[in-house]
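Below: one structure, written as structure tokens.
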Amino acid sequence: RSHFSRFDMEVNAERSRRGDWAAQVSPYVMEFLGTLIWAFCVASIAPQSTPIAPLAIGSAGLVLIYAGGHISGAHYNPAVTIACVLARQLEWWKGAVYIVVQFFGGFLGGVISLAVANPKKCASFPPMHMQNAMLARCFFAEFIFTFVLCFVVLQVTGWKAQKGNSFFGLAIGLTVFIGATAVGHVSGGGFNAAIVTGVNIGYSIQQHTNTFFQYIWVYYSSCVISGIMAALVYQGSTVVKDADGPEYMAIA
């Protein structure tokens, strides 16, 4: 009897260790899978030039956010991760790992789309060759809506008053939809450096060119600056305080 008791204790301890390991790894796996699937959707939908493309892409993000929000916070976007780290909602080293797996997921999503959907005309960011004057418009288009996206994420998920709300995914998905509709013709409506990178890699492989990587700095710089600005504005908006400090919570 004591032998089986010890055996049961060892089995339970092993299960506990496995559970702890899975709990530690699952947020990174979720960020990887979520970014991969979203990048696949963007790369597959955008070349079709359908009027509902922004709605489809925003809806894909909405679904993935609800799927992974309770596991990783469902960032799927380096700009959002930067904003959350600076807003003290995520430890910096976890944020660094998030960004690495997001770029890896974006890369695979773009490549898999090329292999599966095999569009005749791949999507690219920006959607056309640009002169210097257009690059400024492209940058501000990406900056404005990436900032809005990060700010919305922080506001609908970061406050204690919002804890347990069921509309956070809808708010974030609609932000992507609105941004893509408003400025998609200017910059492509990427708002996500990881997905932009993956889509452009797929384009480069099919078209045998790296032309559009000369514009990648527009998306990287707007990603970093908008994430920083969104965190600063969010921190500045935490003016309602109780005895314990600002009324916000960690989302990951």
Side-chain angles (χ1 to χ4, degrees), residues 12 14-44 56-113 146 149-177 190-198 223 227 230-231 234 247-252:
N12 290 334
E14 178 63 23
R15 287 176 177 172
S16 177
R17 284 193 294 270
R18 290 179 179 178
D20 291 342
W21 181 84
Q24 292 173 5
V25 173
S26 59
Y28 311 114
V29 174
M30 190 69 244
E31 286 296 308
F32 167 74
L33 289 176
T35 312
L36 186 156
I37 296 169
W38 206 355
F40 174 84
C41 291
V42 171
S44 302
I57 292 169
S59 299
L62 184 156
V63 170
L64 291 166
I65 288 164
Y66 279 122
H70 62 293
I71 299 174
S72 68
H75 297 186
Y76 313 142
N77 188 330
V80 172
T81 299
I82 290 170
C84 289
V85 169
L86 295 178
R88 297 179 294 171
Q89 295 187 5
L90 185 69
E91 295 176 89
W92 71 267
W93 64 269
K94 289 183 179 179
V97 179
Y98 269 31
I99 291 172
V100 170
V101 299
Q102 286 162 3
F103 272 98
F104 188 45
F107 162 72
L108 282 183
V111 172
I112 292 172
S113 173
T146 308
L149 174 62
C150 294
F151 183 68
V152 168
V153 169
L154 292 174
Q155 291 292 349
V156 301
T157 62
W159 290 76
K160 289 179 182 177
Q162 300 278 28
K163 186 175 182 179
N165 74 69
S166 59
F167 59 78
F168 65 96
L170 184 62
I172 297 166
L174 283 175
T175 302
V176 174
F177 163 59
F191 319 135
N192 187 323
I195 289 178
V196 166
T197 301
C223 165
Y234 170 73
E247 290 267 355
Y248 57 83
M249 63 179 182
I251 62 173

Inset, instruction - Mind checking side-chain contact (heavy atoms from CB on, under 4.5 Å) for I65 and listing every partner two or more places apart, or none if nothing turns up? - result: A74, Y76, F168, I172
Legend entry - Those residues that, when tested against A39, pass side-chain contact (heavy atoms from CB on, under 4.5 Å) (two or more places apart): I195
Inset, instruction - Heavy atoms only: give me the nearest C150-G227 pair and the separation to one decimal. - result: SG-CA, 4.2 Å
Inset, instruction - Return the set of residues passing ring pair (Phe, Tyr, Trp, His ring centres under 6.0 Å) with F107 (not counting sequence neighbours), or none when no residue passes. - result: none
Legend entry - Contact summary for V156 and A171, nearest pair of heavy atoms: CG1-CB, 4.1 Å
Inset, instruction - Answer yes or no: is there a side-chain heavy-atom contact under 4.5 Å between P27 and Y98? - result: yes
Legend entry - All side chain to side chain donor-acceptor pair (under 3.5 Å) counterparts of W93, not counting sequence neighbours: E91
Legend entry - L154 and Q89, any side-chain heavy atoms less than 4.5 Å apart: yes
Legend entry - Gap between atom CG of L149 and atom CZ of F191 - 0.5 Å precision: 8.5 Å
Inset, instruction - Mind listing the closest non-hydrogen atom pair of M30 and A67 along with its distance? - result: SD-O, 4.5 Å
Legend entry - Results of side chain to side chain donor-acceptor pair (under 3.5 Å) for T146 - residues two or more places apart only: none
Inset, instruction - Mind listing the closest non-hydrogen atom pair of T35 and Q102 along with its distance? - result: CG2-O, 3.2 Å
Legend entry - Partner residues of F32 under the side-chain contact (heavy atoms from CB on, under 4.5 Å) criterion, sequence neighbours left out: L36, V101, F104, L108
Inset, instruction - Compare all side-chain heavy atoms of V152 with those of L174 and state whether any distance is below 4.5 angstrom. - result: no
Legend entry - Nearest non-hydrogen partners of A231 and L86, listed with the distance: CB-CB, 3.5 Å
Inset, instruction - To the nearest 0.5 Å, tell me how far H70 NE2 sits from S26 OG. - result: 8.5 Å
Legend entry - Value rounded to 0.5 Å, distance of CG in N77 from CD in E31: 9.5 Å
Inset, instruction - Looking only at non-hydrogen atoms, find the nearest pair between Y234 and A87 and report the distance. - result: CD2-CB, 3.7 Å
Legend entry - Any donor-acceptor pair under 3.5 Å from W38 side chain to I57 backbone: yes
